[in-house]
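Below is one structure, written out as structure tokens, with a few remarks after it.
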Amino acid sequence: MSVFGTSRPARSRGKVWAGVAVAATSALLLSACASGETDSGSGDSSGQRDELALTIGTALPQTGNLAFLGPPEEAGVAYATSQINAATADTGLTLDVVYGDSGDTDNKAYETEIPRLLGEDVSAIIGAASSGTSLQFIDQVVGAGVIQFSPANTSDAFTTYDDNGLYFRTAPSDVLQGEVLGNLIAEDGNQTLGLIVLNDSYGTGLAKYITEAFEAAGGEVVAAPTYNTGDTTFDAQVSEVLAADPDAIALVTFDEVSTILPSLFGQFPADKLYFVDGNLKNFADAFPTGSLTGAKGTLPGLTIDSISDFTGELDAFLEEEGTPALEDYSYAAESFDATVLLALASLAANSTDPADIAAKLIEVSGGSGDGEKCSTFAECADIIVGGGTADYDGISGPITFDEVGDPTEASIGIYQYGDDNNYAAYEG
């Protein structure tokens, strides 16, 4: 159950500096977004405005191997919703959110949750976090004429997916994260690399780009065993990697890393372990003090330190709502931005029809190139209500969607674990 319940009112090389890799990205292949027919509202931000009652759903991981991402993602949605509804008197738009569980490809919670969410007449579904899970229901969502908007999907499969122009994401493709991490591992002086890889579109795709970058930098990948979602023992994979005697090990996993790590402790130096966004989290007292000292990892988005104002505001919001404090903030900003963008696009279209909203998402993200910069929902909404074109620059970055719904500008935060087994922005 969600802690928020249901409410009703051209590839570019990433350069590592100051704990963050920043690059402009471009779609590998571009295809025009399809637009649908207008069913409600005027589809135009000018002239007489309608009262808009927008309903969206979330299919974020309350259970499964990415359940640790559910709380920050849902918190981002809830916080954005509070700001959107605080401005209703000025905009005429209200936002309701129906929270749901994506689960994973093992427990398949999405099989019952997606039909339930679609039955609520939602204009969009935010989720899933896992690329592999999103691929299980994207056809069902876009086939129903509903927008699917992920704050965390990073697989390159979505760049060329036939989604009827209804899929968007605020997280960059793994082309960038893989390149940044592969280069980081090489820059740390490692010449050989072993990987343990989740066998799904996320794991194998990210491992591919890590490998390409590491090998381009002169390194050699000496082992890369895979495992499947639902597996509970990883002795074979750990043994294969250790037998190859690599200088470093990259763990391209989800929360299975919690089971894998104890088999590596004492057999492999912690400061030669590398994490990815699917498993980078604060472990605290889950392991003995110092177990992860020096290990590094990457996470799409600006570093947590650089968005400390946002995380502080989010903490205050959760405290006011009586919601448990967050242990991690991964993809909270991307979820916040996804929610704001959907509301702005609805306002710009003067419609709650998914096709109308999708047709405006590129514009409100700045993809049309002729908007006025703004950084909050209220500021952007004021521009739209006044008849102008808003260009929202979000908490997670400028975003700026291309023709296939991918962000064209992105940052990759680089983190390092301390003695407390928690991570902080890498200062190297």
ask   = How many angstroms lie between CG in Leu326 and OG1 in Thr311, if you round to the nearest 0.5 Å?
value = 9.5 Å
key: Residue pair Ser411 / Leu302, side-chain heavy-atom distance below 4.5 Å   = yes
query = How are the rings of Tyr227 and Phe234 set relative to one another: parallel (under 30°), tilted (30 to 60°) or perpendicular (over 60°)?
reply = perpendicular
query = Which heavy-atom pair separates Ile412 from Pro300 by the least distance, and what is that distance?
reply = CD1-CA, 3.8 Å
Working for side chain to side chain contact (heavy atoms under 4.5 Å, CB included), residues Leu264 and Leu242 = CA-CA 9 Å; Leu264 292 171; Leu242 291 177; 4.1 Å; yes
inquiry  = Side chains of Thr303 and Asp305: any donor to acceptor distance under 3.5 Å?
reply    = no
Beyond-backbone contact of Leu251 with Leu195, side-chain heavy atoms, under 4.5 angstrom = no
ask   = Which one of Leu341, Ile125, Thr339, Val141 satisfies the side-chain contact (heavy atoms from CB on, under 4.5 Å) criterion with Phe149?
value = Leu341
request  = Carefully, step by step, assess Ile126 and Ile56 under the rule side chain to side chain contact (heavy atoms under 4.5 Å, CB included).
outcome  = CA-CA 8 Å; Ile126 295 179; Ile56 65 173; 3.8 Å; yes
message = Rounded to the nearest 0.5 Å, what separates atom OG1 in Thr160 from atom CG in Asp163?
response = 9.5 Å
message = Quiz question: by atom type and distance under 3.5 Å, do the side chains of Ser131 and Arg169 form a donor-acceptor pair?
response = no
query = Is there a side-chain contact between Gln140 and Leu118, using heavy atoms and a 4.5 Å cut-off?
reply = yes
key: Short side-chain donor-acceptor distance under 3.5 Å, Thr170 and Asp337   = no
query = Any donor-acceptor pair under 3.5 Å linking the side chain of Asp402 with the backbone of Gly405?
reply = yes
message = Please enumerate all residues that pass side chain to side chain contact (heavy atoms under 4.5 Å, CB included) together with Ala186, with sequence neighbours excluded.
response = Phe214, Ala217
key: Any residue meeting ring-ring contact (aromatic ring centres under 6.0 Å, His included) with Tyr202, in chain and number order, not counting sequence neighbours   = Phe254
task = Side-chain contact test, heavy atoms from C-beta onward, threshold under 4.5 Å: evaluate it for Leu261 versus Leu273 and give yes or no.
result = yes
key: Steps toward side chain to side chain contact (heavy atoms under 4.5 Å, CB included) verdict (Asp277, Leu206)   = CA-CA 10 Å; Asp277 63 308; Leu206 180 51; 4.2 Å; yes
query = Would you say the ring centroid of Tyr161 lies under 6.0 angstrom from that of Tyr167?
reply = no
inquiry  = Testing the basics here: between Asp235 and Ser263, what is the closest heavy-atom pair and its distance to 0.1 Å?
reply    = OD1-OG, 4.1 Å
inquiry  = Using only atom types and a distance under 3.5 Å, with no angle test, would you say the side chain of Asn199 pairs donor to acceptor with the backbone of Thr226?
reply    = no
query = Does Asn107 use its side chain to pair, donor to acceptor, with the backbone of Asp104 at less than 3.5 Å?
reply = yes
message = Under a plain distance cut-off of 3.5 Å, with no hydrogens placed, do Tyr209 and Asp156 share a side-chain donor-acceptor pair?
response = yes
request  = Show the numbers, then the answer: is there a ring-ring contact (aromatic ring centres under 6.0 Å, His included) between Tyr426 and Tyr415?
outcome  = CA-CA 4 Å; Tyr426 174 52; Tyr415 298 89; 9.8 Å; no
task = Using the ring of Tyr274 (Phe, Tyr or Trp, six-membered ring only), decide whether Lys296 places NZ or CZ under 6.0 Å from its centre and within 45 degrees of its axis.
result = no
request  = May I ask you to test the Glu372-Asp391 pair for a side-chain heavy-atom distance under 4.5 Å?
outcome  = no
ask   = Which heavy atom of Thr154 sits nearest a heavy atom of Pro172, and at what distance?
value = CG2-O, 3.3 Å
Pair Glu74, Gln62: side-chain N/O donor-acceptor within cut-off below 3.5 Å = yes
query = Are Asn65 and Asp255 close enough that a side-chain donor and a side-chain acceptor fall under 3.5 Å?
reply = no
Spacing of OG belonging to Ser102 relative to CD belonging to Gln136, to within rounding of 0.5 Å = 11.5 Å
Aromatic ring proximity Phe283/Tyr423, centre distance under 6.0 Å = no
inquiry  = We want to know whether Asn153 and Ser134 form a side-chain donor-acceptor pair, criterion being a heavy-atom distance below 3.5 angstrom.
reply    = yes
ask   = Under a 4.0 Å N-O cut-off, is there an ion pair linking Arg116 with Glu113?
value = yes
Student check: side-chain heavy atoms of Thr298 and Phe275 closer than 4.5 Å = no
request  = May I ask you to decide if Gly178's main-chain N or O and Asp174's side chain share a donor-acceptor pair within less than 3.5 Å?
outcome  = no
message = Strictly distance-based, threshold 3.5 Å: is any side-chain N or O of Glu334 a donor or acceptor partner for the main-chain N or O of Gly76?
response = no
query = Is a donor on one side and an acceptor on the other found under 3.5 Å between the side chain of Ser123 and the backbone of Thr352?
reply = yes
side-chain hydrogen bond (donor to acceptor under 3.5 Å, both in side chains) assessment of Thr94 paired with Asn85 = CA-CA 5 Å; Thr94 58; Asn85 287 335; 5.3 Å; no
Main-chain N/O of Gly127 paired to Gln148 side chain as donor or acceptor, under 3.5 Å = yes
query = Are any of the side-chain nitrogens in Lys281 or Asp328 under 4.0 Å away from the carboxylate oxygens of its partner?
reply = no
ask   = Is it the case that more than 12 heavy atoms not belonging to Glu215 sit under 6.0 Å from its CD atom?
value = yes
inquiry  = Keeping Ser201 on the side-chain end and Ser155 on the backbone end, is there a donor-acceptor pair under 3.5 Å?
reply    = no
inquiry  = Tell me whether Asn228 at atom CG has more than 12 heavy atoms from other residues, nucleotides or ligands lying less than 6.0 Å away.
reply    = yes
note = Of all heavy-atom pairs linking Ser346 and Ile357, the shortest is CA-CG1, 3.8 Å
ask   = Among Val340, Thr81, Leu342, whose side-chain contact (heavy atoms from CB on, under 4.5 Å) with Leu95 holds?
value = Thr81
ask   = How far does OG of Ser150 sit from CD of Glu73, to the nearest 0.5 angstrom?
value = 7.0 Å
request  = Indicate yes or no for a side-chain donor-acceptor contact from Ser239 to the backbone of Ala236 under 3.5 Å, with no hydrogens or angles considered.
outcome  = no
query = Closest approach of Ile395 and Ile307, non-hydrogen atoms and distance?
reply = O-CG2, 3.7 Å
message = Could you check whether Asp393 and Ser375, counting side-chain N and O atoms only, form a donor-acceptor pair closer than 3.5 Å?
response = no
ask   = Is the closest side-chain heavy-atom distance between Asn282 and Glu327 below 4.5 Å?
value = no
ask   = Can you check whether Leu93's main-chain N or O pairs, donor with acceptor, with Thr88's side chain at less than 3.5 Å?
value = yes
request  = Side-chain contact test, heavy atoms from C-beta onward, threshold under 4.5 Å: evaluate it for Asp382 versus Asp90 and give yes or no.
outcome  = no
remark   = Taking every heavy atom of Val146 against every heavy atom of Pro354, the minimum-distance pair comes out as CA-CB, 4.1 Å
ask   = Does Tyr331 have any ring-ring contact (aromatic ring centres under 6.0 Å, His included) partners at least two apart in sequence or in another chain, and if so, which?
value = none
ask   = Given Leu184 and Ile414, is the side chain to side chain contact (heavy atoms under 4.5 Å, CB included) satisfied, shown in steps?
value = CA-CA 9 Å; Leu184 175 65; Ile414 298 174; 3.8 Å; yes
